[in-house]
Chemist: 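Provided herewith is a single structure, encoded as structure tokens, for subsequent inquiry.
FYI, side chains are in, hydrogens and waters are out, and symmetry mates aren't considered; it's all heavy atoms of this structure.
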Amino acid sequence: MSTAKRAISDHDIKRLMRCGVAEVIVEAELAKLLRSGRKLRLKEGFDPSFPDIHLGHMVALKKLRQFQEMGHQVILIVGDWTGRIGDPSGASVTRPMLSAEQVKANAETYLKQFFKIVNKGKTEVRWQSEWYDKFTLGDVIQLTSKFTIAQLLARDDFSKRYRAGQPITMTEFLYPLLQAYDSVAIQADVEFGGTDQKFNLLMGRELQSMVGQHPQQLFLVPILAGTDGQQKVSKSLGNYIGVAEPPEEIYGKVMSIPDSLIMQYFELVTDVSDQELAEFRQALEHDTVNPMELKKRLAREIIVQLYSQKEVSQAEEHFTRVVQNKEMPDEIRQVNITEELLQKIKGRKMTEDGFLAGIREVGSPDETTEWCVSVPLLLCEIGLAKSRSDAKRLIAQESVRIDGKTIYETNSNIRVGSIIKVGPRRWVQMIG
RNA sequence: GGAGGGGUGCCGGAGUGGUUAAUCGGAGCAGACUGUAAAUCUGCCGCCUGGAAGGGCUACGCAGGUUCGAAUCCUGCCCCCUCCA
């Protein structure tokens with residue numbers, strides 16, 4: 001039997017179970033396990049229908065790493081079966097079944113991000129299909145016979161929907177059961193999850209004891225609010241910060257969270273010390289700090305965990321320059337001026353005295369040629385507007401600039417090297 | 001098997017014959033303001049055409065029909081949900 005590498009102090013245990021933790025079930029038992037010196041099996045599940053890891057996940061993953069550092073074993077479960085059902089929490093929209101290839105691709109994406117935070121060497125990756133592919137109808141019946149409808153309806157989410165006359169499918173009821181069985185299959189000692197997973201994790205506990213295993217402990221972490229400050233993080237709302245996003249993007253998104261969320265983010269996804277957090281809280285309350293400064297710090301703290309120090313500075317520089325000083329970013333998308341493009345956007349070559357007729361003579365761009373083009377068509381073609389109507393609106397709103405000049409007219413001149421800017425942060429450079 | 005409810009724009013959700021490209025909210029976009037991409041305020045928010053005023057097209061599950069005119073009425077079909085058995 002393997003053991004954790006060192007004895008653990010009560011102080012360590014306390015720290016582990018306090019910061020960034022919503023609830024531990026059962027605290028005393030987990031503490032006992034930790035003290036036993038045994039190498040614990042820590043379960044973390046992942047639903048391959050959504051492969052991106054965001055800051056909300058980081059709360060639990062950071063905890064996993066802390067446990068790993070104390071010598072424990074992480075078992076990551078790829079929910080290739082439950083992923084097909086879709087997590088019932090929230091509105092019941094039946095998800096399309098994922099194909100095997102999709103699941104595999106998603107899992108790959110996920111793992112790459114997962115191991116940005118969690119130690120790969122101390123992680124065992126298991127697929128649900130390892131056991132569920134062999135499941136027979138008999139097995140399913142046996143599993144379902146262990147739980148009652150009343151038990152499942154005890155879940156707040158289910159009972160609400162039931163009372164409201166909203167549909168609940170059988171497969172949704174199956175979801176917690178499968179998740180519970182996972183714990184049995186891998187003999188989990190501790191399962192990690194957000195507070196919204198409490199019910200499901202408890203089912204695991206229950207099932208384990210029914211089959212004679214020692215029931216797992218639950219380690220529940222708080223749910224991080226979405227960047228919009230009110231909604232739960234969701235893909236369709238796009239209100240989350242993905243750990244795989246480029247540093248500048250993360251920086252920007254952090255700056256875009258409502259000021260009211262600053263402390264929550266600090267507490268849950270950074271390693272800033274308690275004393276400093278207290279200072280921040282004070283400062284915010286007494287208005288002695290510009291919240292923006294704190295957010296900048298927050299952004300740095302988050303990015304440094306995912307990238308190097310160098311990228312942190314770059315991201316910050318980028319923000320200062322592009323957002324605060326409204327200057328041009330380092331790298332902007334470039335679009336070739338081709339004959340084809342010019343034709344599409346009704347480009348006409350300029351001479352000193354006026355226009356040349358279209359189609360011919362548009363080619364062979366050189367540094368000095370200028371073309372008079374239809375701006376709405378141009379914006380559409382280079383992807384800065386969704387449609388011509390959209391482009392016209394943007395012009396009417398005086399948000400389109402070419403080489404620094406605001407465009408008010410439908411037609412305007414461009415040449416090789418022209419910089420097209422729409423709104424505060426959409427840039428394109430025309431090249432030859 | 002029986003009874004009932006419903007399918008509207010990215011999402012939620014109004015609207016029961018014309019003044020409805022369709023109230024409102026959210027999201028999104030733009031502008032103002034701010035040493036934040038925060039908060040707040042304002043505007044925009046189907047597509048095409050026009051410099052603009054305007055014009056045209058497409059749209060309220062699908063297919064027909066009634067009507068000068070339909071998201072709204074009728075017929076058929078498809079789909080979804082709840083309850084009782």
Chemist: Would you classify I262(A) as touching base, sugar-phosphate or nothing, given that sugar-phosphate means primed atoms plus P, OP1 and OP2, and contacts are heavy atoms under 4.0 Å?
Modeler: nothing
Chemist: For rG31(B), does OP1 or OP2 lie under 4.0 Å from any side-chain N or O of S399(A)?
Modeler: no
Chemist: Between the base of rG43(B) and the side chain of Q397(A), is there a donor and acceptor pair under 3.5 angstrom?
Modeler: yes
Chemist: Hey, does the side-chain of N290(A) have a donor or acceptor N/O within less than 3.5 Å of a partner on the base of rU36(B)?
Modeler: no
Chemist: Of all the choices, rA37(B), rC48(B), rA38(B), which nucleotide is nearest to the side chain of R388(A) once you look at every atom?
Modeler: rC48(B)
Chemist: Roughly, in whole Å, what's the span from NZ in K386(A) to P in rC47(B)?
Modeler: 7 Å
Chemist: Ignoring hydrogens and geometry beyond distance, is the side chain of R393(A) in donor-acceptor contact with the base of rA30(B) at under 3.5 Å?
Modeler: no
Chemist: Sticking with atom P, work out how far rU75(B) lies from rC24(B), rounded to a whole angstrom.
Modeler: 34 Å
Chemist: How close do K63(A) and V21(A) get, counting heavy atoms only, and between which atoms?
Modeler: CE-CG2, 3.8 Å
Chemist: Does R426(A) have a side-chain nitrogen or oxygen under 4.0 Å from the phosphate oxygens OP1 or OP2 of rC29(B)?
Modeler: no
Chemist: Would you say T410(A) places a side-chain N or O within less than 4.0 Å of OP1 or OP2 belonging to rG51(B)?
Modeler: no
Chemist: Describe the nucleic acid contact of F319(A) in one word from base, sugar-phosphate, nothing, applying a heavy-atom distance below 4.0 Å.
Modeler: base
Chemist: OP1 or OP2 of rG46(B) versus the side-chain N and O atoms of S387(A): is any pair under 4.0 Å?
Modeler: no
Chemist: Side chain of K346(A) only, heavy atoms from C-beta on: which candidate in rA37(B), rG50(B), rC29(B) is closest?
Modeler: rG50(B)
Chemist: By the 4.0 Å heavy-atom rule, please label G423(A) as base, sugar-phosphate, or nothing.
Modeler: sugar-phosphate
Chemist: Considering only rA30(B), rG35(B), rC48(B), which nucleotide approaches the side chain of M292(A) most closely?
Modeler: rG35(B)
Chemist: Taking the same atom, C1', in rC47(B) and in rA38(B), what whole-Å distance lies between them?
Modeler: 35 Å
Chemist: Using a distance-only criterion (donor-acceptor N/O pair, under 3.5 Å, no hydrogens), is the base of rG50(B) paired with the side chain of K392(A)?
Modeler: yes
Chemist: Of the nucleotides rU34(B), rA30(B), rG50(B), which has the atom closest to the P424(A) side chain?
Modeler: rA30(B)
Chemist: Is the shortest side-chain N/O distance from R425(A) to OP1 or OP2 of rA37(B) below 4.0 Å?
Modeler: no
Chemist: Could you tell me how far rU8(B) sits from rG61(B) if I compare only their C1' atoms? Round to whole Å.
Modeler: 10 Å
Chemist: Which part of the nucleic acid, if any, lies within reach of Y162(A) when heavy atoms closer than 4.0 Å are counted: base, sugar-phosphate only, or nothing?
Modeler: sugar-phosphate
